[in-house]
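The structure appears right after this line, and notes come after that.
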Amino acid sequence: MDDQTRMLASMAGLGGLSQADVSDPDSVRKQQSLGQPPQDIGDILQQIMAITDESLDEAQARKHALNCHRMKPALFSVLCEIKEKTGKSIRGVQEEDPPDPQIMRLDNMLLAEGVSGPEKGGGSAAAAAAAAAAGGSPNDGSIEHSDYRAKLAQIRQIYHSELEKYEQACSEFTNHVMNLLREQSRTRPISPKEIERMVAIIHRKFSSIQMQLKQSTCEAVMILRSRFLDARRKRRNFNKQATEVLNEYFYSHLSNPYPSEEAKEELAKKCAITVSQVSNWFGNKRIRYKKNIGKFQEEANLYAVKTAVDAANVSAQASQANSPATPNSGKVVGYRKPVPNFQGPGIR
DNA sequence: ATCCATGATTAGCC
DNA sequence: GGCTAATCATGGAT
């Protein structure tokens, strides 16, 4: 075996610094290449025991000699090239793929929720928006709101600390593998490109772990949102005055209890609730009235009387303001007598 | 604990 | 898109 062939063998991963080098390599190689059963463990142990400082030194010296050989760089690159060509199957898998749409979705959501955004406490805007969407009145639920923010901040904190941990672990592991490969590239044909690819594989693995983290964070945020912002969970009865205003309108428009968009806006303003709450209220009222007119009879009479009295007051004031000679002729707008037969004919 | 009232949501209709 | 009817979920009285 001349120097070059020995080196080729050693670089192709057959040699290096194995126990075969330091004791009797040929017997082991021959046995294995001939498909014979591996030699006894006793024999191997014998060989290990036979390793001395001297033989180690000799092996190191030989390795050093190989590394310093003038042909080494050229041969190394040739071997790398061969390996590159034969390793097509691996390459196909690792080609750059476009950014995962799912991870983009998760990123967008976390950003929107203020979890992954740059500024601290970024959830407030999202929380406010969500609260507004839920249709709550402007000044209620401030306690729950701050509670929501606190919980969101907690999620955010956990998310960031976990992310940091993953990133640290990733870079540590990457460094470790890179060092290992660099070290091995002295004795095996490992090109920098291959190391790069390995690093990419590691990053891919870690990013899939990151995706799981993002996914579970998203789930936590969704649960939090539904817990705090589901309007049904924090239902509050409208105040007495608001209910009165709505009932007044309902019973004084019993023949057609369908307020126009403008009327709804007006009522919403008066009651300090949203237009959709007004719509909900009328929807519920109509159906419940229709289902049990008898039950609402008393209420209907009450509001009819109330409306009549109000109208009388208004007209009395008006007649006082005008001339005393013209009484309330035809001025009783919105008056509705206490009808014994409330059919609500207008309800579809 | 139970029941009723009530605001919100949902599916289906027009 | 607005409405009805059914239903859910909670508040409050008992």
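Per chain, numbering begins at 1; letters A, B, ... match sequence-line order.
When distances run from any side-chain atom of A:Gln277 to the nucleotides C:dA5, B:dA8, B:dG7, the shortest one goes to B:dA8. Nearest nucleotide to the side chain of A:Arg288, out of C:dT7, C:dA5, C:dC3: C:dT7.
Checked against A:Met198 for a side-chain contact (heavy atoms from CB on, under 4.5 Å), the options A:Leu180, A:Thr174, A:Ile190, A:Leu181 give a single hit: A:Leu181.
Side-chain N/O atoms of A:Arg236 include none lying less than 4.0 angstrom from OP1 or OP2 on C:dT10. One finds no side-chain N or O of A:Tyr258 lying less than 4.0 angstrom from the OP1 or OP2 phosphate oxygen of C:dG1. Distances shorter than 4.0 Å separate none of the side-chain N or O atoms of A:Lys295 from OP1 or OP2 on B:dC4.
Of the possible polar contacts, one joining the A:Asn239 side chain to the A:Ala242 backbone as a donor-acceptor pair under 3.5 Å is found.
Taking atom CG of residue A:Asn239 and atom C1' of nucleotide B:dG7, one finds them 14 Å apart after rounding to whole Å. Separating the CG atom of A:Asn237 from the P atom of C:dT10 is a distance of 14 Å, rounded to the nearest angstrom. To the nearest angstrom, C1' of B:dT6 lies 12 Å from CG of A:Asn247. A straight line from CG of A:Asn256 to P of C:dC3 spans 10 Å, rounded to a whole angstrom. Counting to the nearest Å, the P atom of B:dC4 and the CG atom of A:Asn292 are 13 Å from each other. The distance from atom OH of A:Tyr289 to atom P of C:dT4 is 14 Å, rounded to the nearest whole Å. A:Glu299 has its CD atom 18 Å from the P atom of B:dC4, to the nearest Å. One atom, CD of A:Glu265, and another, P of C:dG2, lie 12 Å apart when rounded to the nearest Å.
The closest side-chain donor-acceptor pair between A:Tyr251 and A:Glu299 falls under 3.5 angstrom. A donor-acceptor contact closer than 3.5 angstrom is absent between the side chains of A:Lys306 and A:Asn247.
For the segment residues 278-286 of chain A, residues with any heavy atom less than 4.0 angstrom from an atom of DNA chain C are, sorted by number, A:Arg286.
For A:Lys291 and A:Lys264, each mapped to the nucleotide of DNA chain C holding its nearest heavy atom, the one lying further toward the 5' end belongs to A:Lys264.
Between A:Phe206 and A:Phe173, the angle of the ring planes lies from 30° to 60°, which puts this pair in the tilted group.
In the displayed structure, A:Asn313 atom CG is contacted under 6.0 Å by more than 12 heavy atoms of other residues, nucleotides or ligands.
Contacts of A:Asn108 classified as side chain to side chain donor-acceptor pair (under 3.5 Å), with partners at least two apart in sequence or in another chain: none.
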